[in-house]
Asker: 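Starting off with a structure, shown below.
The model shown is predicted, which means the values in this text are computed figures rather than measured ones. Side chains are part of it too, since the values below use all heavy atoms of this structure and drop only hydrogens, waters and symmetry mates.
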Amino acid sequence: MSIDIIPAIDLRAGQVVRLAQGDYARQTTYANDPLALAETYAADGARWLHLVDLDGAKAGGLANLAVIEAIARTGLSVQAGGGVRGIGDVHRLFDAGVRRVVLGSVAIREPVRVAGWLERHGGERFTIALDTRWVDDRWTLPSAGWTQPETRTLDDLAPWYAAHGARHLLCTDIDRDGMLAGFNLALYRHLAVIAPTLAVQASGGVRSVDDILAAKAAGAHGVILGRGLLEGRFTLREALALQGPFVQAGEATGC
């Protein structure tokens, strides 16, 4: 099985930032020019880029759409989300050149509506983001930039989306996000059991290329690289050397 290496840029007020465990009060700012960073990643060989509109994720709306559109023009295949609340937001991102729209809060709160989008546009045009936190012996799914509790769980929705046309699932262990603690491998093994047809992107805690190999062994089809890459704990070229044959959007992704 190949694994896709996907560097991430989290946007807040047009800057490149990272939040510790999703806490908006614990922000580190890394750069003022996300377009320049994206171009650097492209020059290093990246094919995909993961963009998160943190302003939109918390409040709704596409607050950083102009930046997302500029980055999509670089030739990178962009998956982007944060703040998508309706089909109009989906179309605006498609029109901006985004290859896959990431659906988080709306996917948790309104799965039936999202299933209609999957049917209309196809599973390859979306990444379902079920970012999760272990609370009371279950994988909970907080929404709105991880600030609002919800009743549905990962075990409810991951198999449901697999049965309703989803192809790509992004799953972050929130408590590991930005903490450089390594991936929660048990989480990805669990997903491989409950939703084996989904191409899972592992996110939250990567600190070395060894973590990427471990995520692949645990069943992940892709990895999102954030703080560890931004802080130079490994290079993008080192990570990309682990990537197998690239799968273009619209082709099957799997073992």
Side-chain angles (χ1 to χ4, degrees), residues 8 10 12 18-27 50 52-60 79 81-86 101-115 117-118 126-206 211 214-215 218-224 226-227:
D10 290 1
R12 192 177 187 192
R18 292 291 295 171
L19 307 180
Q21 297 177 315
D23 187 343
Y24 280 72
R26 298 163 65 194
Q27 172 181 311
H50 178 70
V52 182
D53 185 339
L54 290 173
D55 301 298
K58 187 175 183 180
Q79 68 172 24
V84 176
R85 299 295 186 263
V101 173
V102 180
L103 305 175
S105 295
V106 69
I108 296 166
R109 294 170 175 171
E110 301 181 67
V112 173
R113 182 157 70 125
V114 169
W117 302 349
L118 290 166
F126 298 97
T127 297
I128 305 299
L130 300 180
D131 297 331
T132 189
R133 177 177 279 133
W134 185 254
V135 178
D136 296 332
D137 296 324
R138 60 189 190 135
W139 286 112
T140 63
L141 297 172
S143 64
W146 306 341
T147 63
Q148 299 294 323
E150 301 287 344
T151 57
R152 293 184 175 94
T153 68
L154 181 66
D155 286 51
D156 295 332
L157 286 185
W160 192 92
Y161 273 113
H164 286 81
R167 291 289 299 121
H168 302 277
L169 174 67
L170 169 64
C171 189
T172 306
D173 181 342
I174 295 167
D175 288 336
R176 292 185 179 233
D177 189 62
M179 302 307 292
L180 297 174
F183 290 121
N184 186 333
L185 300 177
L187 171 61
Y188 301 111
R189 295 189 191 103
H190 179 62
L191 282 168
V193 171
I194 67 171
T197 63
L198 293 178
V200 174
Q201 299 172 13
S203 173
V206 63
D211 289 327
H221 293 242
V223 292
I224 306 295
R227 180 183 169 189

Asker: State whether Asp177 and Arg227 are salt-bridged, where the test is any N-O pair (Lys NZ or Arg NE/NH1/NH2 against Asp/Glu carboxylate O) under 4.0 Å.
Answerer: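 Result for this pair is no, no salt bridge flagged.
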
Asker: State the CG-CD1 distance between Leu103 and Ile128, to the nearest 0.5 angstrom.
Answerer: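 Reported value, rounded in 0.5 Å steps: 4.5 Å.
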
Asker: Any side-chain to backbone donor/acceptor pair from Tyr24 onto Leu54? Under 3.5 Å, distance only.
Answerer: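 Checked: pair present.
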
Asker: Can you measure from CG (Asp155) to CZ (Arg138) and round to the nearest 0.5 angstrom?
Answerer: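 Rounded to the nearest 0.5 Å, the CG-CZ separation comes to 10.0 Å.
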
Asker: Arg18 side chain to Asp10 main-chain N or O, any donor-acceptor pair under 3.5 Å?
Answerer: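 Not confirmed, Arg18 side chain does not pair with Asp10 backbone.
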
Asker: Which heavy atom in Leu187 sits nearest to a heavy atom in Thr132, and how many Å separate them?
Answerer: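 Minimum heavy-atom contact is CD2-CG2, 3.9 Å.
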
Asker: Are the side chains of Phe183 and Val223 in contact, using a 4.5 Å heavy-atom criterion?
Answerer: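 In short, these two side chains touch, coming nearer than 4.5 Å.
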
Asker: Using every non-hydrogen atom in the two residues, find where Ile224 and Val206 come nearest and quote the distance to one decimal.
Answerer: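 Residues Ile224 and Val206, closest heavy atoms: O-CG1, 3.8 Å.
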
Asker: Where do Arg85 and Ala57 come nearest, in terms of heavy atoms and distance?
Answerer: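 Shortest heavy-atom separation between Arg85 and Ala57 comes out as NH2-O, 3.1 Å.
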
Asker: Can you measure from CD (Glu150) to CG (Leu130) and round to the nearest 0.5 angstrom?
Answerer: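 The CD atom of Glu150 sits 11.5 Å away from the CG atom of Leu130.
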
Asker: Can you measure from CG (Asp156) to OG1 (Thr151) and round to the nearest 0.5 angstrom?
Answerer: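 Going from the CG atom of Asp156 to the OG1 atom of Thr151 covers 8.0 Å.
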
Asker: Does the side-chain contact (heavy atoms from CB on, under 4.5 Å) test come out yes or no for His50 and Thr127, once each step is laid out?
Answerer: CA-CA 10 Å; His50 178 70; Thr127 297; over 6 Å; no

Asker: Which pair of non-hydrogen atoms, one from Arg109 and one from Ala144, has the smallest distance, and what is that distance?
Answerer: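 For Arg109 versus Ala144, the nearest heavy atoms are NH2-CB, 3.7 Å.
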
Asker: Taking the side chain as every heavy atom from C-beta outward, state whether Gln148 and Ser105 have any pair of such atoms under 4.5 Å apart.
Answerer: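 Of all side-chain heavy-atom pairs linking Ser105 with Gln148, none is under 4.5 Å.
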
Asker: Indicate the atoms forming the closest heavy-atom contact of Val101 with Val84, along with that distance.
Answerer: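 The answer is CG1-CG2, 4.0 Å.
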
Asker: Any side-chain to backbone donor/acceptor pair from Tyr161 onto Leu198? Under 3.5 Å, distance only.
Answerer: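 Judged by distance alone, no pair lies under 3.5 Å.
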
Asker: I would like to know whether Arg152 and Trp160 meet side-chain contact (heavy atoms from CB on, under 4.5 Å); could you show each step before the answer?
Answerer: CA-CA 11 Å; Arg152 293 184 175 94; Trp160 192 92; over 6 Å; no

Asker: Out of Thr140, Asp175, Asp173, Thr172, which one pairs with Arg133 under the side chain to side chain donor-acceptor pair (under 3.5 Å) rule?
Answerer: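 In the set Thr140, Asp175, Asp173, Thr172, the residue that makes a side chain to side chain donor-acceptor pair (under 3.5 Å) with Arg133 is Asp175.
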
Asker: Return the CG to CD distance between Leu191 and Gln201, rounded to the nearest 0.5 Å.
Answerer: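 Spacing of CG (Leu191) from CD (Gln201) equals 12.0 Å.
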
Asker: Counting N and O atoms only, with roles assigned by atom type, does the side chain of Arg176 sit under 3.5 Å from a partner on the main chain of Gly204, one being a donor and the other an acceptor?
Answerer: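 Such a contact is absent between Arg176 side chain and Gly204 backbone.
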
Asker: Begin with the C-alpha distance, continue with both residues' side-chain angles, and end with the deciding distance and a verdict on side-chain contact (heavy atoms from CB on, under 4.5 Å) for Trp134 and Asn184.
Answerer: CA-CA 11 Å; Trp134 185 254; Asn184 186 333; over 6 Å; no

Asker: At their closest point, which heavy atom of Ala162 faces which heavy atom of Thr197, and how far apart are they?
Answerer: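 Closest pair (atom of Ala162, atom of Thr197, distance): CB-OG1, 3.6 Å.
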
